[in-house]
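Read the structure below first, then the notes.
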There are 2 protein chains.
Amino acid sequence: MARQAAVPIDLVVKFGGSAITDKCQMETLKEDNLASAADVIRKCVERGVRCVVIHGAGSFGHHHAKEYQVNAGLRGTIEEVKRRRHGVCLTRLSVTKLNHMVVRSLVDKGINAIGLPAAGSWLMDNGQVSRHGVTSIVELLDSCFVPVLHGDCVLDSSKGCIILSGDVIIKTICKEQKVNRVVFLSDVFGVYDKPPSQTDAEHISKICVSQDRRIMTDISTSESQYDVTGGMMLKIQTAMDIVINSGGTTKVYITKVGSNCVNQICEGLDTGQDDTKSFTQIIHHQ
Amino acid sequence: MARQAAVPIDLVVKFGGSAITDKCQMETLKEDNLASAADVIRKCVERGVRCVVIHGAGSFGHHHAKEYQVNAGLRGTIEEVKRRRHGVCLTRLSVTKLNHMVVRSLVDKGINAIGLPAAGSWLMDNGQVSRHGVTSIVELLDSCFVPVLHGDCVLDSSKGCIILSGDVIIKTICKEQKVNRVVFLSDVFGVYDKPPSQTDAEHISKICVSQDRRIMTDISTSESQYDVTGGMMLKIQTAMDIVINSGGTTKVYITKVGSNCVNQICEGLDTGQDDTKSFTQIIHHQ
């Protein structure tokens with residue numbers, strides 16, 4: 001496992017799968033959003049921010065992973081194992097295709113982006129990371145490159161294969177290295193008290209979490225009960241884990257691709273009071 | 001460094017850059033040749049051959065690597081370093097694009113191919129491999145996947161960055177693991193005594209090398225003096241190194257994509273007497 005580097009990682013940015021791809025259209029980019037996200041990274045790099053990009057899969061990979069039940073591992077009948085192994089290859093072809101597009105988009109902006117798929121270097125054991133590639137990430141950062149990782153199919157010593165999610169990659173980086181900020185770029189302005197597609201959904205600006213994992217949300221912006229479900233809850237849990245594990249030293253935000261404040265958040269600047277509805281911050285309650 | 005596995009690698013196949021791409025046309029595949037090479041792997045895998053594929057870059061990568069002098073490393077003026085770092089990214093975009101096409105071609109044939117770029121996991125120090133990814137290759141083989149590697153730009157602790165050639169990857173695999181056969185799939189039937197484009201070029205069926213690196217070629221097929229230059233000489237040197245370093249236990253062949261004997265060679269079967277003009281074998285002189 002890598003030792004903590006002397007120089008912290010300023011920023012880990014997650015390009016959400018929903019933010020950069022159209023989840024309803026197989027292998028379809030949201031090109032404007034990807035270009036916008038790439039612009040954020042460009043500005044950060046120009047200001048000397050050491051940053052790592054992780055992207056979700058969205059409509060790349062998920063379809064094959066689900067159809068072939070990749071996450072069930074290489075277990076079952078010979079036919080099932082054969083089919084899933086093929087599914088791993090199809091899923092990887094799809095996510096590496098997206099990774100190539102993301103890296104291309106970043107390099108087109110003049111960013112020194114290097115795609116770094118996890119398959120091969122990362123290894124899992126029954127769903128837990130048993131070998132990671134954080135050393136490679138730090139080496140690339142030290143050489144002024146921007147590593148671009150993504151959720152991937154990797155080998156699992158117990159199950160055969162498994163999906164390593166982008167969120168687990170981020171948590172591992174934060175565990176192994178000092179990270180100043182983690183920003184999740186979503187297709188919405190952060191966390192809402194109900195699905196943001198509902199007209200009465202209220203934006204939540206701050207979610208306070210205690211060291212013992214209790215949520216003490218500041219619901220001043222919301223009258224309804226805090227009740228977030230599905231994908232967003234998973235994202236909040238990742239965000240909470242990072243905040244709690246770092247004892248609050250890692251700042252964590254969820255915001256929308258193209259929001260007014262995204263550059264300030266990513267560069268670690270003051271966002272001002274007016275932009276509090278543009279992002280959700282996960283805050284460590286001392 | 002990886003320990004020698006109990007189960008040897010049956011076959012390492014190099015898809016030559018000239019064999020699978022049109023070197024004169026930027027980023028252009030020779031699709032028929034790639035499909036033919038993929039067919040060879042399919043037949044091998046169906047017969048239970050444990051194999052690894054390495055491909056050259058051809059018209060993918062080389063252009064950028066040359067234009068930006070990537071191999072000169074991240075040294076020089078600030079502007080030169082900046083330019084070369086960008087060149088590394090462009091070169092990697094091009095070679096990973098080809099890797100994706102090669103993996104796609106193999107998966108389309110039903111082969112469980114997994115792309116495994118070297119950047120990140122492999123590390124060089126002044127042109128020598130100081131960290132390799134052979135463990136990942138063995139893990140994928142043990143899980144019945146076919147790892148697909150390629151020449152790549154990697155970090156170099158002394159020079160900043162460097163080109164890690166497919167040939168060096170092959171030599172490293174052969175050093176770290178027992179490998180039964182290495183086959184170079186070229187665009188010609190092996191080694192000739194002069195450029196094969198010349199009408200009087202004679203095919204050389206066997207090249208005998210001694211442990212002290214002397215070439216004692218069986219030039220029975222050739223009346224002219226043994227005089228091979230350029231890219232082919234480099235290939236022969238790699239082939240010789242593998243034969244010599246293994247003390248002759250690794251069989252090494254150079255043949256043409258689509259030649260009659262390529263399946264027999266790859267599967268380790270007798271090629272028969274009539275096919276000796278279809279390949280060159282590098283033989284260890286005891």
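When reading the values below, keep in mind they use all heavy atoms of this one structure, side chains included, and skip hydrogens, waters and symmetry mates. Source: prediction; values computed, not measured. In what follows, every chain begins at residue 1, and chains take the letters A, B, ... in the order their sequences are listed.
At a threshold of 4.0 Å, the pair A:Glu139-B:Arg131 counts as salt-bridged, since one of the basic side-chain nitrogens sits closer than that to a carboxylate oxygen. Classification of A:Arg92 and A:Asp152 as a salt-bridged pair holds, one side-chain N sitting under 4.0 Å from a carboxylate O. Ion pair B:Asp22/B:Lys30 not flagged as a salt bridge, since none of the NZ, NE, NH1 or NH2 atoms sits closer than 4.0 Å to an Asp/Glu carboxylate oxygen. Using a cut-off of 4.0 Å between Lys/Arg side-chain N and Asp/Glu carboxylate O, B:Lys171 and B:Asp241 are scored as salt-bridged.
A:Cys144 touches chain B through backbone and side chain together, each having a heavy atom under 4.5 Å away. Contact annotation for A:Leu155: only side-chain heavy atoms (C-beta onward) come within less than 4.5 Å of a heavy atom of chain B. Only the side chain of A:Leu123 comes within contact range of chain B, judged by heavy atoms closer than 4.5 Å. A:Leu93 touches chain B through backbone and side chain together, each having a heavy atom under 4.5 Å away.
Counting heavy-atom pairs closer than 4.5 Å to chain B, the top-ranked of the candidates A:Gly115, A:Cys153, A:Ala119, A:Gly133 is A:Gly115. Note on B:Arg85, B:His100, B:Lys82, B:Arg104: by heavy-atom pairs under 4.5 Å with chain A, the leading option is B:Arg85. Listed options B:Pro117, B:Ala113, B:Ser121, B:Gly110 were ranked by heavy-atom pairs under 4.5 angstrom with chain A; first place goes to B:Ala113. Each of A:Gly160, A:Ser143, A:Cys161 has some count of heavy-atom pairs under 4.5 Å with chain B, and the biggest count is that of A:Ser143.
B:Asp125 and B:Ser157 form no side-chain donor-acceptor contact under 3.5 Å, judged by distance and modelled atom types alone. For the residue pair A:Lys97/A:Asn99, the side-chain donor-acceptor check at 3.5 Å is not satisfied.
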